[in-house]
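The structure under discussion appears below in the form of structure tokens.
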Amino acid sequence: MKELTTKIRAFINGCNTRCAPFVWTNTADQVPTKENREDTSTPSHQGMSAPHCH
């Protein structure tokens with residue numbers, strides 16, 4: 001169990017080191033409204049969560 005905990009902690013620390021804050025690059029006028037936005041969801045995307053770090 002100690003080895004697993006050590007590996008998980010190393011992953012978390014590495015993820016925290018690589019992450020960068022979100023930078024907003026569009027103006028409010030460039031952001032599409034929900035009604036005008038193209039639907040990009042497909043059944044294969046449902047239930048999946050995006051990774052928090054890359």
Side-chain angles (χ1 to χ4, degrees):
M1 186 67 159
K2 183 177 179 176
E3 182 181 354
L4 175 61
T5 304
T6 301
K7 288 185 180 195
I8 291 171
R9 180 63 49 204
F11 173 81
I12 291 169
N13 290 338
C15 184
N16 289 338
T17 301
R18 290 183 306 273
C19 284
F22 179 79
V23 177
W24 192 262
T25 59
N26 291 342
T27 66
D29 291 333
Q30 292 172 317
V31 178
T33 63
K34 187 174 183 178
E35 295 80 32
N36 297 330
R37 183 171 56 202
E38 180 181 337
D39 185 12
T40 58
S41 294
T42 64
S44 64
H45 291 141
Q46 295 174 359
M48 295 177 65
S49 61
H52 299 286
C53 294
H54 301 281

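All residue numbers refer to positions in the sequence shown, counting from 1.
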**Item:** With Arg9, the side chain to side chain contact (heavy atoms under 4.5 Å, CB included) member among Thr6, Ile12, Thr5
**Value:** Ile12
**Asked** Mind checking what makes side chain to side chain contact (heavy atoms under 4.5 Å, CB included) contact with Gln30, not counting sequence neighbours?
**Response** Asn26, Thr27
**Asked** Residues two or more places apart in sequence or in another chain: which of them pass salt bridge (Lys or Arg N to Asp or Glu O under 4.0 Å) with Lys2?
**Response** none
